[in-house]
Amino acid sequence: MSQYVVGLTGGIGSGKSTVADLFVAQGAGLVDTDAIARELTLAGGAAMPALTAEFGPEVLAADGALDRVAMRQLAFADPSARSRLEGILHPLIRQVSAERCKSATEPYVILAVPLLVESGNYRQRCDRIVVVDCPESLQIERVMARNGLSAEEVKAIMAAQATRQQRLAAADDVVVNDGDREKIVGQVKIRHANYLALLAEKLKASC
Ligand code: ADP
């Protein structure tokens with residue numbers, strides 16, 4: 001059972017997934033709320049009965065998974081659909097992520113939550129918060145390349161997220177991802193050693 005939880009967050013395209021993978025390569029556990037959301041909405045996923053009951057079969061893809069495009073269109077046409085969707089998904093994500101943090105066998109767990117600063121209730125579950133940070137211009141560049149979106153579309157997503165300043169204000173630690181990958185590898189190694197030391201301190205204090 002992991003005794004130490006490090007919440008990892010950052011704006012879209014800041015490099016959260018990249019940095020999370022580097023922590024895993026060092027030996028950390030990973031609980032990724034985005035991945036859990038995807039699992040819950042696959043065919044047979046735990047959220048599917050409630051989602052089908054709430055929105056009807058028109059949000060189902062042919063294989064029984066959530067049809068993301070249909071769901072997005074519905075949320076666009078009816079703003080209440082988004083909060084109803086979140087009302088179903090978020091409690092399940094909270095429950096599954098808590099279970100996985102608890103059952104992880106690595107010394108500590110990286111709990112990756114894109115909207116950790118915005119959602120509030122994840123913060124109290126974390127012993128520490130690490131923010132992946134880069135200039136907004138780089139976020140836009142990376143997401144345009146990764147998702148094939150226009151600069152305006154990326155900016156609209158960023159406008160719905162916490163600001164860079166708000167995230168940095170919530171951070172205990174910052175991984176600066178404004179250069180090549182080597183630069184983040186070094187920072188992750190330092191943080192990893194630090195989290196193992198903080199875990200040892202926590203265990204000592206609880207004896
Ligand atoms: P997030 O999970 O925060 O949205 P990702 O880790 O997916 O961000 O990174 C966004 C994109 O930028 C990905 O395509 C990733 O491969 C790329 N990327 C991230 N960091 C770097 C870096 N330091 N150098 C080059 N490409 C990077």
Side-chain angles (χ1 to χ4, degrees), residues 5-42 66 68-69 71-72 75 82 85-86 89-90 93-94 96-97 100-101 104 106 108-120 122-123 125-126 128-192 195:
V5 176
V6 178
L8 179 145
T9 193
I12 184 166
S14 59
K16 292 180 296 296
S17 312
T18 308
V19 169
D21 288 345
L22 292 174
F23 275 107
V24 170
Q26 292 296 309
L30 174 63
V31 176
D32 179 345
T33 55
D34 258 0
I36 292 171
R38 282 193 295 274
E39 283 173 37
L40 290 169
T41 53
L42 287 174
L66 180 69
R68 286 165 192 280
V69 176
M71 191 65 233
R72 214 173 299 134
R82 189 194 168 93
L85 171 70
E86 290 177 350
L89 275 183
H90 287 185
I93 297 170
R94 276 199 293 276
V96 174
S97 60
R100 291 196 187 166
C101 283
E106 295 86 359
Y108 74 92
V109 173
I110 295 288
L111 174 60
V113 187
L115 300 182
L116 186 143
V117 171
E118 294 83 339
S119 61
Y122 281 99
R123 288 169 73 168
R125 274 211 232 154
C126 300
R128 201 146 177 107
I129 291 173
V130 60
V131 167
V132 183
D133 181 61
C134 75
E136 285 159 359
S137 56
L138 253 183
Q139 283 181 266
I140 296 169
E141 213 174 276
R142 287 180 187 150
V143 179
M144 286 173 72
R146 185 188 62 187
N147 300 57
L149 297 178
S150 69
E152 277 57 44
E153 286 168 316
V154 183
K155 283 182 193 165
I157 297 171
M158 288 167 62
Q161 300 189 337
T163 63
R164 190 177 179 192
Q165 285 68 29
Q166 284 168 327
R167 269 190 300 270
L168 289 173
D172 295 301
D173 306 310
V174 179
V175 171
V176 180
N177 185 20
D178 63 355
D180 60 18
R181 282 168 200 273
E182 274 316 300
K183 189 169 169 186
I184 42 178
V185 172
Q187 294 176 75
V188 166
K189 283 184 178 165
I190 292 168
R191 296 267 62 88
H192 175 72
Y195 297 148

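Just so it is clear, the structure is predicted and the values come from calculations on it, not from any experiment. Read the numbers this way: they start at 1 and go in the same order the structure lists the ligands and their atoms.
- Protein heavy atom closest to atom 25 (C) of ligand 1, with residue, atom name and distance, is Arg181 NH2, 3.9 Å.
- Under 4.0 Å from ligand 1, the heavy atoms of Asn177 that appear belong solely to its side chain.
- If you check the side chains of Arg167 and Ser14, you find no donor sitting under 3.5 Å from an acceptor.
- Residue Asn177 comes nearest to Arg142 through the heavy atom pair O-NH2, 2.8 Å, listed as atom of the first residue, atom of the second, then distance.
- The nearest non-hydrogen atom to atom 7 (O) of ligand 1, considering only Lys183, Glu141, Met144, Arg146, comes from Arg146.
- Ring geometry for His192 versus Tyr108: interplanar angle of 30 to 60°, hence tilted.
- In this structure, NZ on Lys155 lies 13.0 Å from CG on Leu149, to the nearest 0.5 angstrom.
- Looking from atom 12 (O) of ligand 1 to the surrounding protein, the closest heavy atom is Arg142 CD, 3.2 Å.
- With a 4.0 Å cut-off on non-hydrogen atoms, Lys16 touches ligand 1 through its backbone as well as its side chain.
- Taking only non-hydrogen atoms, the option from Ser17, Ser14, Ala112 nearest to atom 2 (O) of ligand 1 is Ser17.
- Note: no N/O pair closer than 3.5 Å links Ile12 and ligand 1 by distance alone.
- Residue Arg125 comes nearest to Val5 through the heavy atom pair O-CB, 3.7 Å, listed as atom of the first residue, atom of the second, then distance.
- Rounded to the nearest 0.5 Å, atoms CD (Gln139) and CG (Asp133) are 8.0 Å apart.
- Shown in contact with Thr18 at under 4.0 Å from a heavy atom are these atoms of ligand 1, numbered in order with element: 5 (P), 6 (O), 9 (O), 15 (C), 19 (C).
- Under the 4.0 angstrom criterion for non-hydrogen atoms, Gly13 is in contact with ligand 1.
- In this structure, Gln166 contributes its side chain and Val117 its backbone to no donor-acceptor pair below 3.5 Å.
- The Gly179 neighbourhood of ligand 1 comprises atoms 22 (C), 23 (N), 24 (N), with distances under 4.0 Å to a heavy atom of that residue.
- Checked against Leu111 for a side chain to side chain contact (heavy atoms under 4.5 Å, CB included), the options Thr33, Asp32, Ile129, Leu30 give a single hit: Thr33.
- Some N or O of Gly15 is nearer than 3.5 Å to an N or O of ligand 1, by distance alone.
- In the vicinity of Gly11, heavy-atom distances shorter than 4.0 Å reach the ligand 1 atoms 3 (O).
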